[in-house]
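Just below is one structure, and these are the notes that go with it.
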Number of protein chains: 2
Amino acid sequence: MDYNYNQEDKALVAVDCIIFGFDEDDLKLLLIKRGFEPEMGKWSLMGGFLKKNETLDEAANRVLQTLTGLDEVYMEQLYGFSKIDRDPVERTISVAYYALININDHNPKLLDQHSAQWFSIGDIPPLIFDHHEMLNKALRRLRRRTSTNPVGFELLPKKFTMRQLQKLYEVILDEELDKRNFQKKIKQLDVLVKLKEKDMTSSRKGSFLYEFDKEKYEKKVSDGFTFKM
Amino acid sequence: MDYNYNQEDKALVAVDCIIFGFDEDDLKLLLIKRGFEPEMGKWSLMGGFLKKNETLDEAANRVLQTLTGLDEVYMEQLYGFSKIDRDPVERTISVAYYALININDHNPKLLDQHSAQWFSIGDIPPLIFDHHEMLNKALRRLRRRTSTNPVGFELLPKKFTMRQLQKLYEVILDEELDKRNFQKKIKQLDVLVKLKEKDMTSSRKGSFLYEFDKEKYEKKVSDGFTFKM
DNA sequence: TCAAAAGTGTTCCCGCTACACCCATGT
DNA sequence: ACATGGGTGTAGCGGGAACACTTTTGA
């Protein structure tokens, strides 16, 4: 008594990537100008269809790499979107992923090829389909994650200043933070390494650079530690 | 220059439901004995294929209703599972949902029809495919949700005792809680109504019954309140 | 010497935790 | 009268929030 799978409807399955970057003091989103109908010329998240021989994670990584040239990027599956007419051409289920990249790392040529552009999170143009809904979910998730996991560092260069890190938290959480309390909090988590180097571009005095110590963090986690900002 | 959607691979899309219930002092999971190949006779989450004209949410609700007879149940989309061979018969993407039901409400006849049975969460039999992974994700999500949203009440009868509520939190969070601190905490949230009635089945003295005041909760939320246990 | 950002400590308060005894009732 | 579960208060501690001045150095 086998069940006949053939009687079931199949659907197109896509992935869409909400790609976040952080530049100076703004959280940014990478969008492409759609090069085909429907909605040609409008702004859109970067997406692609799931292929027979790849998982959703693989598809999302492929899509991200196609646009940025980057591999080994922090990505997380967000949610499955399935409104019947979300894509007017054909029934398509889309699984959204969000990615956190260091905005200086990507390949600018690839961006041009896809007519892609960074937008400040406070200044997003109209997007096609349900992409705004995806973005909102991604933002909420990002807020939660940065509060409970050390994922913020994915958006920064390897070496960063306290100021940059604080600003990052401020734009993600959308609230101002007290400098002293912020430093106290992050330092007592004891997962940063203070370098001897200073960044001299931001002030005459210069500010010390820090690195996230991933090994230390993971060791602490396995001892029951939980990151909490 | 239309893009040709037809060149893309289609896939079967399914939903699987992690159905939680709470009985006396155990968190329980509703499983069915699979009536068809592959893996006929093994235990499985209740699932079904997505149809052309329904969303994932609708499919999950249909599947839940088929098994329990219940409608308007708390459900939440969990995660999309997509390993290539997760279903050995054919490539199937499955989107998992979890549901919280009052275990006394369901229709026992329907359970029989599907050879379904409740299992204590500490005593789950081997499951087919990646259903254990789904369950683990659901449990982690449920823990977080009950800590930050008043979803626990979905698992209880409309009227419940403090004892029941505390026990519920204990089995979900998998830790013992102090009776006094628990009452203090939940009472200061100020979203319960203490009834005049007592439940006389649990002790000679009897214990007061409470109801969750959803309207009050929602009013408070719109004033900036956040539930936190 | 001044402008501009970096760096640094203390106090107060609230919320969480730990903890033990009396109450009501049916048998 | 006793056994069973129901119900209640307080003290101490720790972590988060508020808050302002000094330092460095290039121009």
Side-chain angles (χ1 to χ4, degrees), chain A residues 24-26 143-144 146-148 152 156-157 159-211 220 224-229, chain B residues 24-26 143-144 146-148 156-157 159-171 173-211 220 224-229:
Chain A
E24 301 294 322
D25 42 24
D26 245 343
R143 287 198 182 108
R144 203 172 342 121
T146 47
S147 304
T148 56
L156 292 173
K159 301 171 182 182
F160 51 84
T161 65
M162 272 294 156
R163 207 66 190 150
Q164 282 178 290
L165 185 60
Q166 184 181 339
K167 192 71 200 173
L168 175 66
Y169 272 89
E170 288 181 339
V171 296
I172 290 177
L173 302 178
D174 195 26
E175 59 179 330
E176 301 218 327
L177 301 172
D178 180 86
K179 195 166 44 154
R180 287 160 289 187
N181 293 337
F182 181 81
Q183 292 218 16
K184 211 185 315 163
K185 219 162 157 189
I186 198 96
K187 282 184 174 163
Q188 81 193 11
L189 291 177
D190 188 31
V191 292
L192 294 189
V193 183
K194 184 176 189 169
L195 304 178
K196 301 267 183 270
E197 288 173 79
K198 279 189 166 188
D199 169 72
M200 299 307 294
T201 63
S202 63
S203 73
R204 313 202 193 285
K205 188 179 177 182
S207 57
F208 281 105
L209 289 165
Y210 292 81
E211 280 182 10
K220 293 185 72 160
F225 168 77
T226 53
F227 186 94
K228 187 84 197 63
M229 280 299 288
Chain B
E24 299 294 324
D25 42 22
D26 247 340
R143 287 197 182 111
R144 203 174 340 122
T146 47
S147 303
T148 57
L156 293 173
K159 302 173 181 179
F160 50 86
T161 65
M162 273 294 158
R163 207 66 191 149
Q164 283 177 291
L165 186 59
Q166 182 179 341
K167 192 72 200 172
L168 175 66
Y169 273 89
E170 289 181 336
V171 296
L173 301 178
D174 195 25
E175 60 179 329
E176 300 220 328
L177 301 172
D178 180 88
K179 192 167 48 155
R180 285 161 290 184
N181 293 337
F182 181 81
Q183 291 218 18
K184 212 185 316 164
K185 218 162 159 190
I186 198 96
K187 280 184 175 164
Q188 81 193 12
L189 291 176
D190 189 31
V191 292
L192 294 189
V193 183
K194 183 174 189 170
L195 304 178
K196 302 266 184 269
E197 289 173 78
K198 281 188 166 190
D199 168 73
M200 299 307 292
T201 63
S202 63
S203 72
R204 313 198 193 286
K205 187 181 178 182
S207 56
F208 281 105
L209 289 164
Y210 291 81
E211 279 182 9
K220 293 186 72 159
F225 169 78
T226 52
F227 186 95
K228 187 84 195 65
M229 281 299 290

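Note on naming: letters A, B, ... go to the chains in the order of the sequence lines (proteins, then strands), and numbering restarts at 1 for each one. Values reported hereafter were calculated over all heavy atoms of this structure, with side chains retained and with hydrogens, waters and symmetry mates removed.
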Exercise: identify the closest heavy-atom pair between [X] and [Y]:
X	Y	value
L192(A)	M162(A)	CD1-CE, 3.6 Å
T161(B)	S207(B)	CG2-OG, 3.3 Å
Q166(A)	K179(A)	OE1-CA, 3.5 Å
K159(A)	Q164(A)	O-OE1, 4.4 Å
S147(A)	L173(A)	OG-CD2, 3.8 Å
M200(B)	R204(B)	CE-O, 3.4 Å

Whole Å only: how far is the [atom1] atom of [X] from the [atom2] atom of [N]?
X	N	atom1	atom2	value
K167(A)	dA5(C)	NZ	P	12 Å
I186(A)	dG16(D)	CD1	C1'	15 Å
K228(A)	dC16(C)	NZ	P	13 Å
L209(B)	dG5(D)	CG	C1'	15 Å
F160(A)	dA6(C)	CZ	P	15 Å
F182(A)	dG16(D)	CZ	P	14 Å
R163(B)	dA24(C)	CZ	P	19 Å
M229(B)	dT17(C)	CE	P	10 Å

Would you confirm whether E211(A), through its side chain, and L195(A), through its main-chain N or O, come within 3.5 Å as a donor-acceptor pair?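 No, the answer is negative, given that no donor and acceptor are paired below the 3.5 Å cut-off.
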
Show each protein N/O and nucleotides 8-12 of chain D N/O combination with a separation under 3.5 Å, one pair to a line.
from    : atom 1 : to      : atom 2 : distance (Å)
dT8(D)  : OP2    : K187(B) : NZ     : 3.1
dT10(D) : O4     : K184(B) : NZ     : 2.8

5' priority, DNA chain C, between K185(B) and S202(A) [closest heavy atom]: S202(A)

Can you confirm if the NZ or CZ of K194(A) lies within 45° of the ring axis of Y210(A) and under 6.0 Å from the centre of its six-membered ring? no

Considering heavy-atom distances to DNA chain D, does M162(B) or Q188(A) have its closest nucleotide positioned more toward the 5' end?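 By nearest-heavy-atom nucleotide position, the 5'-most residue is M162(B).
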
Grab the N/O contacts between the protein and nucleotides 25-27 of chain C below 3.5 Å, and write none if there aren't any.
from    : atom 1 : to      : atom 2 : distance (Å)
dT25(C) : O3'    : R204(B) : O      : 3.4

So that I can tick it off, tell me whether K220(B) and D190(B) are bridged by a salt bridge, with the cut-off set at under 4.0 angstrom between side-chain N and carboxylate O. yes

